Amino acid sequence: MRLQDLQETLRERVRSAAAENFNITLKQVTAEVPPRTEMGDLAFPVAFELARRIKQATGEKRPPRSIAEALKPLLEAVEGVARVEVAGAGYINVFYDRAQFLSRFSSLVAPAGSSGTLSDVDVKPKRMVEHTSINPNKAAHIGHVRNAVLGDTFVRILRAAGERVEVQNYIDNTGVQVADVVVGFIHLEGMTLDEIKALDKSLPKERPFDYYCWDLYTRVGLFYRNDDPNGEPDAERLKLRAETLHAIEEGDNPTAELADYVATRNVECILDTMERLGIRYDVLPRESEILHLHFWDAAFERMKERSVIHFAEEGKNKGCWVMPFESHTGTDEHEADKIIVRSNGTVTYTGKDIAYQLWKLGRLGLDFNYKPFRHYFDGQTTWITSTEHVRQDTTELIGARTRPRFGGGATVYNVIDSRQSYTQEVVRRGVAAVAPDVGEEASVHLGYEMVALSIAACEELGIELSEEDRTRPFVEMSGRKGIGVKADDLINRLEADALSEVETRHPDISVDERVAIAHAIAVGALRYFLLKFTRNSVIAFDFKEALSFEGETGPYCQYAAVRANSIFRKLDAGAQVSAKEMIQKAQHDRNEEVSKVFEGEGGDEIWSLVTLAARLDEAVRGAAEGAEPATLAKYTFNLARAFNLFYHRHRIIAEENAARRAVLVTVAEVTRRQLALALEALGITVPERM
RNA sequence: GCUCCCGUAGCUCAGUGGAUAGAGCACCUGCCUCCUAAGCAGGGGGCCGCAGGUUCAAGUCCUGCCGGGGGCACCA
């Protein structure tokens, strides 16, 4: 029996009772968890609504309490319900049979995260999640990490909810940002491709290629502005960017070859960074293929056929293909229509994105070619798109690895920061206009607010702030100005802090093990820090908060799980087996001794941990439906908190009363299981010890 | 001008229309002979920005206003 099954049964009973007793059809039966365990396990405020509707229908004024009293015996008859109380002005509070519930709950093997059989997953509609999508021209910063952690966690949550998911990381390898770094290499450094390769090889491990590009990109930004950071861009110098960009888009020339090396190396560096955080991808679709495999041409034809866009004969956008956008009223300054094809015939990013999105949904009629990009040590492969026609058979083995069939999803989730919500809306509408049968619902913009820097963080980084900046709540990061916290720097710092802590706690263990534990803690801290904020909250990054291992943090949650595991390392096998037997039997034969453990104030406290642990499924489902990983993070923290309290109050192994020990052991067992599953869905691992 | 988001404890943030609004940090007081103190317990702290409205019930929904941030490029 799962918690939600019992809830559903009770809901149904309320619904049918309302129909039979009062002739009222309830569309939705609201159920809630009472504020305190003593008040019950599930509450129905339904009597208030029924009182109003009875009055509407018959004119009879019936107090909610009396309605609740009438429903009480019907709910009490439900299997698994111990008793029902009417409380307050008319709440119906249901109390479960605690011993029986624990017995059934603990016997479930894998309540959450069981993704069914492989064939079952195969036929399910595919959810496409695009995240990370960092311009491959510099190292990742914490803003990018928020994107990647949000996306990766959402993927894990969907999978825990039994969904089939494909993960994409879009590579804009032919864009302006790559062009800028290429301008830097060619015109500032005067380097050839071979010289760049030699430089790359010579760079120290702690300051790799993406770090070099980070600095170079900043220098290019200054170069465009004649070395004045606040100056206007120099039109002559910007011509270099335009020429370079054009050559890169064109392809098949030395500049494009150089750009390809730069972009590919940055992608590799970024994937290394993400691997440190446990983040991987199924496929890396590149913009160069969208161009060279003529994805845009196909999308363009469809958009013209469906009259989604039209050619502007006159006005401000004369000579462009535009998509009307009536929800934004135009002004002199801001045009209402969105330009898709420029007057020079080139396509905008939005246009390319519509083509890409159509491919994601299987509505373009074209596919990429693919080749393996990276094989991970554990056998996973990340694929990248390719222009060349590598053998395409989906069942074909390449290096003993089968290539999955990419694209053709039922729903697309784009993890992109909220600053691009306007563009995302254009894409969503464009796609829906071309493919009305999938509609706008198939495209979901999983938006989130940016990560900015707190004033304290800027000071720590030695960033000069103007008087005006200091009065603001935060300072926006800027890749162009080089203002930001690089992901690897932060992870290094977290690992170093965690390592020194592990060293003082466990001087006896091997260096390798200490490093591994420190790594797990660092990742736990960073991921949790980025997940505890809801998506539409701006994170003003602060070192003190991000580097904390205490309080509401990842390590706090990990620590609770480690403690739970340590109980079972030390508990002898016999005690574990006898506990299991005793609790299992209580499912059918009422055991007074076991039931007694759940009585009184102490019993409520133990029971509240059981019900909280049992709500993991609900938390996972809620996070998946609301596309809000923060709710699962909060749930996990609360479960860890409840377990720490439980752990502190009870001597589990030393407990002498057999029934009581059986309950405590079982509660610890179900909690550690649920906690581990919750952490796994957050991408946080549980070390052996901490 | 139009549009989206935010405003809740000193600070940073949670809070599906339901009961006495929560957590972490900071501050104060206790608790390591114990399954590890990255922990636990207790304490002070709140016109939920303001004003109306809807509802049996509003921090939550609607309208207006005030304050802060983002977006509205032939950039991505």
Side-chain angles (χ1 to χ4, degrees), chain A residues 30 32 34-36 39 43-45 47-49 51-52 55 64 87-91 93 135 172 175-177 287 316-322 325 327-336 338-344 346 348-350 352-353 417-423 425 447 449-450 452 454 472-474 476 498 501-502 505-506 521 525 532-540 542 544-545 548-556 558-560 562-571 622 625-626 630-631 633-634 637-638 641 644-645 647-654 668 689-690:
Chain A
T30 308
E32 56 160 353
R36 289 191 307 281
M39 299 169 89
F44 293 100
F48 306 115
E49 191 189 340
R52 182 175 55 84
K55 197 180 158 199
Y91 283 94
N93 291 345
N135 272 303
D172 185 3
V176 179
Q177 293 213 29
E287 188 179 66
K316 200 180 161 205
N317 297 332
K318 186 177 175 185
C320 299
W321 285 86
V322 300
F325 207 80
S327 78
H328 291 69
T329 42
T331 59
D332 291 346
E333 212 177 331
H334 303 295
E335 199 59 45
K338 179 69 195 168
I339 291 166
I340 303 296
V341 181
R342 302 180 187 106
S343 56
N344 66 5
T346 57
T348 60
Y349 168 83
T350 311
K352 282 180 272 193
D353 218 21
D417 92 65
S418 310
R419 284 173 288 193
Q420 290 190 49
S421 54
Y422 172 66
T423 315
E425 201 181 334
E449 290 291 335
M450 65 178 154
S454 67
R472 309 184 82 180
F474 49 76
E476 196 173 340
E501 195 64 39
V502 173
R505 285 165 195 250
H506 302 288
I521 292 168
K532 73 178 184 179
F533 299 92
T534 52
R535 288 192 283 117
N536 50 17
S537 168
V538 175
I539 299 179
D542 184 79
K544 189 174 165 289
E545 277 179 54
S548 171
F549 297 151
E550 287 166 19
E552 195 197 338
T553 65
Y556 176 97
Q558 290 170 305
Y559 190 63
V562 167
R563 281 177 147 180
N565 286 337
S566 76
I567 294 170
F568 292 91
R569 232 188 350 261
K570 296 190 178 167
L571 185 70
E625 283 167 10
T631 59
K634 294 282 177 193
F637 171 67
N638 282 326
R641 211 158 53 95
N644 271 333
L645 173 62
Y647 180 88
H648 185 257
R649 287 209 181 148
H650 308 286
R651 297 281 85 86
I652 296 157
I653 294 174
R689 43 187 159 177
M690 279 176 74

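The basis for the numbers below is simple: all heavy atoms, side chains too, and nothing from hydrogens, waters or symmetry mates. Order of the sequence lines fixes the chain letters, A, B, ..., with proteins taken first and strands second; residue numbering starts at 1 for each chain. It should be emphasised that the depicted structure is a prediction, and the values quoted were computed from it without experimental measurement.
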*Give A:Ala43 one of three labels, base, sugar-phosphate or nothing, depending on what nucleic acid heavy atoms sit under 4.0 Å from its own.*
base
*For the side chain of A:Ile339, counting heavy atoms from C-beta on, which of B:rG18, B:rC74, B:rA14 is nearest?*
B:rC74
*Keeping the roles fixed (side chain from A:Ser537, backbone from A:Thr534), state whether a donor-acceptor pair exists under 3.5 Å.*
no
*For atom P, what is the distance between B:rC50 and B:rU33, given to the nearest Å?*
50 Å
*Using atom CD of A:Glu476 as one end and atom P of B:rG69 as the other, report the distance to the nearest whole Å.*
11 Å
*Just compare B:rG71, B:rA38, B:rA76 and give me whichever is closest to any side-chain atom of A:Glu287.*
B:rA76
_Close side-chain approach of A:Glu32 to A:Tyr91, heavy-atom, < 4.5 Å_ = yes
*Contiguous Watson-Crick or G-U pair runs (3 or more, under 3.5 Å) in RNA chain B*: B:1-7 with B:66-72, B:10-13 with B:22-25, B:27-31 with B:39-43, B:49-53 with B:61-65
*What integer number of Å spans the P atoms of B:rU54 and B:rG46?*
31 Å
*Going through the checks in order, is the salt bridge (Lys or Arg N to Asp or Glu O under 4.0 Å) test met by A:Arg419 and A:Asp417?*
CA-CA 6 Å; A:Arg419 284 173 288 193; A:Asp417 92 65; 3.0 Å; yes
*Give a yes/no answer on whether the side chain of A:Lys570 brings an N or O atom under 4.0 Å of OP1 or OP2 in B:rU36.*
yes
*Taking the side chain of A:Glu552 as its heavy atoms from C-beta onward, which of B:rG24, B:rC72, B:rA76 lies nearest to it?*
B:rG24
*asked:* Is the shortest side-chain heavy-atom distance between A:Met450 and A:Val538 below 4.5 Å?
replied: yes
*Have a look at A:Arg563 and say if it touches a base, only the backbone sugar-phosphate, or nothing, with a 4.0 Å heavy-atom cut-off.*
sugar-phosphate
*Just checking A:Pro34: base, sugar-phosphate only, or nothing, at a heavy-atom cut-off of under 4.0 Å?*
base
*Could you give the distance separating B:rA14 and B:rA9 at their C1' atoms, to the nearest angstrom?*
13 Å
*For the atom pair OH (A:Tyr422) and OG1 (A:Thr350), what is the distance rounded to the nearest 0.5 Å?*
8.0 Å
_If we ignore hydrogens and angles and just use 3.5 Å, is the side chain of A:Thr348 paired with the main-chain N or O of A:Ile340 as donor and acceptor?_
yes
_Say we look at B:rC28 and B:rC47: how far apart would their P atoms be, to the nearest angstrom?_
24 Å
*asked:* Classify A:Phe637 by what it touches in the nucleic acid, base, sugar-phosphate, or nothing, heavy-atom distance under 4.0 Å.
replied: sugar-phosphate
*Quick one: A:Asn644 CG to B:rG24 C1', roughly how many Å, whole number?*
14 Å
*Picking from B:rC13, B:rC56, B:rC75, which would you name as closest to the side chain of A:Arg342?*
B:rC75
*Is A:Thr631 touching bases, backbone alone, or none of the nucleic acid, heavy atoms closer than 4.0 Å?*
nothing
_Least distance between heavy atoms, A:Pro64 atom then A:Ala47 atom_ = O-CB, 3.3 Å
*Taking the side chain as C-beta and beyond, is there a heavy-atom pair between A:Gln420 and A:Tyr349 under 4.5 Å?*
yes
*asked:* I'd like to check, for A:Tyr559, whether its ring lies over the base of B:rG39 with centroids under 5.5 Å apart and a plane angle smaller than 30°.
replied: no
*Whole angstrom is fine here: how far is it from CD in A:Glu425 over to P in B:rC2?*
17 Å
*asked:* Using OP1 and OP2 only, check whether a side-chain N or O of A:Arg649 sits under 4.0 Å from B:rG39.
replied: no
*Interatomic distance, A:Glu501 atom CD to A:His506 atom NE2 [nearest 0.5 angstrom]*: 9.5 Å
_A:Glu552/A:Lys634 ion pair, N-O < 4.0 Å_ = yes
*Let me know the distance between CD1 of A:Ile340 and P of B:rC75, rounded to the nearest Å.*
12 Å
*For B:rC32, measure the glycosidic angle (O4'-C1'-N9-C4 for a purine, O4'-C1'-N1-C2 for a pyrimidine) and name it syn if it falls within 90° of 0, otherwise anti.*
syn
*Please state the P separation for the pair B:rU20 and B:rC72 - nearest whole angstrom.*
46 Å
*Looking for any heavy atom pair under 4.0 Å, which part of the strands does A:Lys318 touch: base, sugar-phosphate only, or nothing?*
base
*asked:* Quick check on B:rC56: is either OP1 or OP2 less than 4.0 Å from any side-chain nitrogen or oxygen of A:Arg52?
replied: yes
*A:Arg505 vs B:rU36: side-chain N/O to OP1/OP2 distance below 4.0 Å*: no
*Could you tell me whether A:Phe533 contacts a base, only the sugar-phosphate backbone, or nothing, with contacts defined as non-hydrogen atoms closer than 4.0 Å?*
sugar-phosphate
_Euclidean distance for C1', B:rC27 against B:rC6 (whole angstrom)_ = 28 Å
*asked:* Does B:rU36 have OP1 or OP2 under 4.0 Å away from a side-chain N or O of A:Ser566?
replied: yes
_Could you check whether A:Asn644 and A:Tyr556, counting side-chain N and O atoms only, form a donor-acceptor pair closer than 3.5 Å?_
yes
*asked:* Heavy-atom nearest nucleotide on RNA chain B for A:His506 versus A:Thr30: which residue maps closer to 5'?
replied: A:Thr30
*Could a donor-acceptor pair under 3.5 angstrom be found where the side chain of A:Thr350 meets the base of B:rA76?*
no
*Looking at A:Arg472, does any N or O in its side chain come under 4.0 Å of the phosphate oxygens OP1/OP2 on B:rG70?*
yes
*Nucleotide of B:rC40, B:rA14, B:rC75 approaching A:Val176 most closely (side-chain heavy atoms)*: B:rC75
*Just call it for A:Glu550: base, sugar-phosphate, or nothing, with non-hydrogen atoms closer than 4.0 Å on any strand.*
sugar-phosphate
_How many whole angstroms separate atom NE2 of A:His648 from atom C1' of B:rA38?_
15 Å
*Given that A:Met690 and A:Ile539 both sit by RNA chain B, which one's nearest nucleotide is further toward the 5' end?*
A:Ile539
*Between B:rG17 and B:rC48, how far is it from one C1' atom to the other, in whole Å?*
15 Å
*When we call it a touch if two heavy atoms are under 4.0 Å apart, what does A:Tyr556 touch: a base, just sugar-phosphate, or nothing?*
sugar-phosphate
*Between B:rU3 and B:rU60, how far apart are the P atoms? Round to whole Å, please.*
22 Å
*Side-chain donor/acceptor of A:Asn93 to base of B:rA19, under 3.5 Å*: yes
*What nucleotide among B:rC40, B:rA38, B:rA19 has an atom nearest to a side-chain atom of A:Ile521?*
B:rA38
*If you check the A:Ser537 side chain, which of B:rA23, B:rC25, B:rA14 turns out closest?*
B:rA14
*asked:* Between the base of B:rC4 and the side chain of A:Ser421, is one N or O donor paired with an acceptor at under 3.5 angstrom?
replied: no
*Nearest-angstrom distance from the residue atom CZ of A:Arg569 to P of B:rU36*: 8 Å
_Under-4.0 Å salt bridge between A:Glu545 and A:Lys532_ = no
_Once you apply a heavy-atom cut-off of 4.0 Å, does A:Gln420 come out as touching a base, just sugar-phosphate, or nothing?_
base
_Regarding A:Val322, tell me which of base, sugar-phosphate or nothing describes its non-hydrogen contacts under 4.0 Å with the strands shown._
nothing
*Phosphate oxygens OP1/OP2 of B:rG39: is one of them under 4.0 Å from a side-chain N or O of A:Arg641?*
no
_With a 4.0 Å limit, can you tell me whether A:Asn536 has a side-chain N or O closer than that to the phosphate oxygens OP1/OP2 of B:rC6?_
yes
_What contact category does A:Ile653 fall into here, base, sugar-phosphate, or nothing, at under 4.0 angstrom with non-hydrogen atoms?_
base
